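Quick notes on the structure that follows.
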Amino acid sequence: MNQEADMADMPVTENQLGTAVCAGTLTGANELEMVGCAEAVPGAYSPVKRLSQAKIAPGKAGYTLRNGCAADIPGLKQLWKTCFDDEDAYIDAFFDVFYEGGNVVLAEQKGVLMGASFFLPGRVYLHGGWQDIRYVYALATYPVFRGQGVAGGLLRHAYAQYHAPLIAEPAEESLVGGFYEPLGFCASFYIRQIQTGQINSWRQSGDARGTLQAEPISVAQEPERTSGTLQAAQLSPNSWQVQAADAKTYRRIREQSFRNDGYVSWPLQHVAFAISEHKKSGGGAFVLTTCEGRKELLLYYCEDGQAVVTETTLAWEEVWELFGSCFFEMEGVQPAGLKARVASGPAGGQLVGVSYGLPAVYGYLNLSLD
């Protein structure tokens, strides 16, 4: 899903442009100070910070900004369908799980819906403590209202209302410099994607499990792929005990494995929804346990004949071994290839997330709704 349906054609000049949100209404050329709560952890959300202003086209009337209610659901679904063209089943499933009026901001002009965005709750781990964040999702404006600063107005209003940093995943690279950076967002989250032929050219730095960096190494040739057989839910030769992971178990192991500065954690319902969507796409979430009791996670889905590992705590040599075993056949799929997402820093990584109101940190953003 393209998460930002209106930003590419939003005019931005000189990083500081005209209008602001005042008492929920976008009107003249006033500047708004975004006054937040006291900092939860050192270096986290700034108590006073200002988002750069987006432009209102000359001659356009002001619009109001408010939170949603149950009566807004049909209109919001129609906006979503118009801007993103997602399947109705996904839209309905999202609203069933996530819809709370307080987590969505709508822009209206004389009672007509112009645009809206969800701001889903999460937490980021910083300096030994947790900081609340809001994840920008499904930010959209009807085509007829684009170019009037609606998207920027929604973001500014949310930052003022929730008193929390904002995290977003630009759907296109051009939106980073063309929309987010002029508003004050900065690059914070990177991911590297490894495909089948590349797995042996990468290893994780430090401890192979639970670290947040990856670096290249030189390998002369690929190691042999094992052809282990599955017996009594075991994968030889490492005797992995394989069980489907429920959301609570998955979240607990995930927290233990990835928690480091910049790690983004999600509520239980968010984790459950992500697992459900992976199952619908031919994959799922699993806990793999060794005979020594070590527990690891694997979350994947199937796309274009390949298994795509969204997240795992396994070392990549183990992922490769798992691919060479009959694990995927056990799950009813026979992928021709394998892709995996690796947490990364800027060097060699692809920017996947930007933030506003966080200190400079290259963190771990995954299990998000993209």
Side-chain angles (χ1 to χ4, degrees), residues 39-45 97-98 103 119-135 137 162 164-167 169 188-192 204-214 240-279 283-290 292-301 309-316 318-319 322 340-345 352-353 355 358-359 361-370:
E39 297 183 13
V41 294
Y45 176 67
V97 172
F98 290 103
N103 291 342
F119 296 92
L120 304 178
R123 299 186 303 167
V124 63
Y125 189 77
L126 291 170
H127 309 302
W130 291 102
Q131 166 71 57
D132 290 339
I133 57 96
R134 289 284 171 158
Y135 174 52
Y137 190 65
Y162 298 119
L166 303 179
I167 289 177
E169 292 183 283
S188 298
F189 305 97
Y190 291 81
I191 287 289
R192 181 182 291 115
Q204 290 182 310
S205 63
D207 182 1
R209 298 178 302 279
T211 58
L212 302 181
Q213 300 292 326
W240 293 106
Q241 295 283 345
V242 183
Q243 292 179 304
D246 60 79
K248 186 175 181 179
T249 300
Y250 189 99
R251 186 173 183 267
R252 175 176 54 79
I253 298 175
R254 184 178 192 266
E255 303 277 274
Q256 294 170 348
S257 300
F258 291 115
R259 189 173 66 184
N260 205 336
D261 266 7
Y263 162 71
V264 177
S265 172
W266 305 110
L268 197 59
Q269 65 176 11
H270 187 124
V271 177
F273 183 81
I275 291 174
S276 174
E277 290 300 306
H278 279 71
K279 289 180 179 178
F286 299 89
V287 175
L288 298 93
T289 309
T290 66
E292 295 85 7
R294 181 181 125 212
K295 295 185 182 295
E296 306 292 351
L297 296 177
L298 179 72
L299 178 69
Y300 80 96
Y301 65 94
V309 178
T310 303
E311 185 170 73
T312 185
T313 58
L314 292 165
W316 296 112
E318 294 170 322
V319 176
L322 197 65
R341 290 165 61 90
V342 182
S344 175
V352 295
S355 67
L358 286 179
V361 62
Y362 295 126
Y364 181 66
L365 174 64
N366 208 342
L367 211 67
S368 50
L369 308 178
D370 47 28

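Keep in mind that what you see is a predicted model, and the values were worked out from it rather than measured.
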By side chain to side chain contact (heavy atoms under 4.5 Å, CB included) - contacts of Ala285 (at least two apart): Ala245, Tyr250, Ile275, Leu299
Intermediate values then yes/no, side-chain hydrogen bond (donor to acceptor under 3.5 Å, both in side chains), Thr313 and Ser257: CA-CA 7 Å; Thr313 58; Ser257 300; 4.6 Å; no
Side chain Thr312, main chain Leu297, donor-acceptor under 3.5 Å: yes
Residue pair Gln131 / Pro165: nearest heavy atoms and the distance that separates them: NE2-CD, 3.6 Å
Aromatic Phe119 / basic Arg134 pairing, under 6.0 angstrom, 45° off normal: no
Verdict with supporting geometry, Val242 and Leu298, side-chain contact (heavy atoms from CB on, under 4.5 Å): CA-CA 10 Å; Val242 183; Leu298 179 72; over 6 Å; no
Residue pair Phe258 / Ser265, side-chain heavy-atom distance below 4.5 Å: no
Aromatic plane relationship, His270 with Phe98 - under 30° parallel, 30 to 60° tilted, over 60° perpendicular: perpendicular
Val124 side chain near Val361 side chain, heavy-atom distance below 4.5 Å: no
Side-chain donor/acceptor of Arg251 to backbone N/O of Trp266, under 3.5 Å: yes
4.5 Å side-chain heavy-atom contact, Asn103 and Pro121: yes
Plane angle bin for Tyr190 and Tyr362 - parallel if under 30°, tilted between 30 and 60°, otherwise perpendicular: perpendicular
Donor-acceptor contact present, side-chain Asn366 to main-chain Thr310, <3.5 Å: yes
